[in-house]
Amino acid sequence: MGKEATFRCVECSEKASELHRDYSNGILKIAICESCQKPVDKYIEYDPVIILIDAILCKAQAFRHILFNTSLNIHWKLCVFCLLCEAYLRWSALHGSEQSSDPADIIRYTKEWEFYGKFGLAALELTAFCGGALLFLSLWRSCLQGGRVEFNLLLRGLLLSCYGKVLLVPAVIWEHDYSPLCLGLIKVFVLTSNSQAVRVILNCSRRLSLVAVCLGLLSETLTAQACRKLPWSIQDFQDMWTS
């Protein structure tokens, strides 16, 4: 057709130039993949709830639909929202014994420097995670395949696949009615989604995507430990600012 292929088949990941064909009288027919002879994207007829359920189940077809065949650009907003929830959980752990039902206390707490420090730390750890994974994938692609990775697409995929952190919202709403086991399971689910996103985007093996995610997690952990060992703290900045 003379038009560059911009879509992907959700079944085999082959490129496609269109998702459906528009015939006369408003009749639409889903395009058939030339490689696997299956519908290019069956999800264009599905309800968004079904797509969300398949994404939660980490189905590769749902990930391909979201990453390649939609213009969903909420990854930055989702990232900020999740970071806010994560920062609040960390911050509330410092002030658990000081919590009060007085709304005035809630307003006062949100202005404390510790909250912004926890938000910055969470953002730094996420940056380290994405940076470690992207660096490994870039070296793997350049050394073994002689190509380049699409950083923008991979970053978008990693951030969107962090949607599992939305499960932190109930922990925020019910405050201390959560456990380390619950938070650990959320972390495992997010890492599994990250691995699936990398696998779908690069069309690589599951082992390679797991290695990339594990190296990203290692980078995140080392960054968190390094920040804890720094000789300064948020309280030091607060004291210096108020003095």
Side-chain angles (χ1 to χ4, degrees), residues 1-22 28-76 78-79 129-165 188-217:
M1 292 185 179
K3 183 179 179 180
E4 183 181 359
T6 56
F7 304 109
R8 295 285 185 91
C9 173
V10 298
E11 301 294 340
C12 65
S13 194
E14 286 295 322
K15 292 184 178 181
S17 59
E18 58 184 358
L19 298 179
H20 57 77
R21 295 178 181 178
D22 190 359
L28 298 178
K29 182 178 180 180
I30 299 180
I32 301 299
C33 177
E34 297 179 357
S35 177
C36 64
Q37 300 302 314
K38 294 181 180 180
V40 172
D41 193 343
K42 61 184 179 181
Y43 287 105
I44 61 177
E45 291 186 329
Y46 282 30
D47 188 90
V49 176
I50 303 298
I51 300 175
L52 178 61
I53 292 175
D54 282 358
I56 292 175
L57 295 175
C58 289
K59 289 189 176 182
Q61 295 91 335
F63 273 70
R64 292 190 183 104
H65 167 76
I66 295 172
L67 294 173
F68 295 120
N69 300 338
T70 67
S71 56
L72 190 64
N73 290 315
I74 63 169
H75 48 290
W76 291 115
L78 178 65
C79 172
F129 171 79
C130 294
L134 292 176
L135 178 60
F136 167 76
L137 293 172
S138 177
L139 293 175
W140 166 78
R141 177 60 66 89
S142 60
C143 294
L144 298 183
Q145 296 190 344
R148 299 177 61 185
V149 298
E150 299 180 63
F151 283 103
N152 290 336
L153 182 58
L154 273 174
L155 180 60
R156 175 172 172 262
L158 286 174
L159 294 180
L160 281 177
S161 59
C162 287
Y163 65 89
K165 290 184 178 180
V188 171
F189 175 72
V190 171
L191 293 176
T192 302
S193 300
N194 293 149
S195 174
Q196 186 71 309
V198 172
R199 180 169 172 257
V200 165
I201 292 173
L202 297 180
N203 198 25
C204 61
S205 64
R206 191 183 304 273
R207 180 179 301 177
L208 177 67
S209 63
L210 286 174
V211 171
V213 169
C214 288
L215 289 177
L217 180 61

Please output the side-chain donor-acceptor pairs of residues 198-205 that fall under 3.5 Å, not counting sequence neighbours, one pair per line with the distance.
residue, atom, partner, partner atom, Å
Arg199, NH1, Gln196, OE1, 3.1
Ser205, OG, Leu208, N, 3.3

Show which side-chain atoms of residues 48-66 pair as donor or acceptor with protein atoms under 3.5 Å away, not counting sequence neighbours.
residue, atom, partner, partner atom, Å
Asp54, OD2, Tyr43, OH, 2.8
Arg64, NH1, Val10, O, 2.8
His65, ND1, Asp41, OD1, 3.2
His65, ND1, Asp41, OD2, 2.7

(request) Verify side chain to side chain contact (heavy atoms under 4.5 Å, CB included) between Lys15 and Arg8, making sure each step is shown before the conclusion. (result) CA-CA 4 Å; Lys15 292 184 178 181; Arg8 295 285 185 91; 3.6 Å; yes
(request) Could you walk me through whether Ile74 and Leu160 pass side chain to side chain contact (heavy atoms under 4.5 Å, CB included), step by step? (result) CA-CA 8 Å; Ile74 63 169; Leu160 281 177; 4.1 Å; yes
(request) Could you go through the side chain to side chain contact (heavy atoms under 4.5 Å, CB included) check for Ile44 and Asn69 one step at a time? (result) CA-CA 9 Å; Ile44 61 177; Asn69 300 338; 5.9 Å; no
(message) For Phe129 and Asn194: C-alpha separation, side-chain torsions, deciding distance, then whether side chain to side chain contact (heavy atoms under 4.5 Å, CB included) applies.
(response) CA-CA 11 Å; Phe129 171 79; Asn194 293 149; 3.5 Å; yes
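Scanning all heavy atoms of the two residues, the minimum distance from Ala133 to Leu158 falls at CB-CD1, 4.4 Å. Residues Cys130 and Leu159 share a closest heavy-atom pair of SG-CD2, 4.3 Å.
Under 3.5 Å, the side chains of Ser209 and Ser195 contain a donor-acceptor pair of N or O atoms.
Within the structure, ring pair (Phe, Tyr, Trp, His ring centres under 6.0 Å) pairs that include any residue of residues 194-216 do not occur (at least two apart or interchain). Screening residues 149-165 for salt bridge (Lys or Arg N to Asp or Glu O under 4.0 Å), with sequence neighbours left out, gives Glu86-Lys165. Evaluation of the ring pair (Phe, Tyr, Trp, His ring centres under 6.0 Å) test over residues 189-217, restricted to residues two or more places apart or in two chains, returns Tyr163-Phe189.
In this structure Lys42 satisfies the salt bridge (Lys or Arg N to Asp or Glu O under 4.0 Å) test together with Glu11, sequence neighbours excluded. Listed by chain and number, the residues in a side-chain contact (heavy atoms from CB on, under 4.5 Å) with Cys33 are Cys9, Cys12, Glu14, Ser35, Cys36, Val40 (sequence neighbours excluded).
Rounded to the nearest 0.5 angstrom, Phe136 CZ and Leu215 CG are separated by 5.5 Å. Between atom NE2 of residue His75 and atom CG of residue Leu67 there is a gap of 10.5 Å, rounded to the nearest 0.5 Å.
A distance-only check finds no donor-acceptor pair linking the side chain of Ser138 to the backbone of Leu134 [under 3.5 Å].
The local environment of CG in Asn152 is sparse, with at most 12 non-hydrogen atoms from other residues, nucleotides or ligands closer than 6.0 Å.
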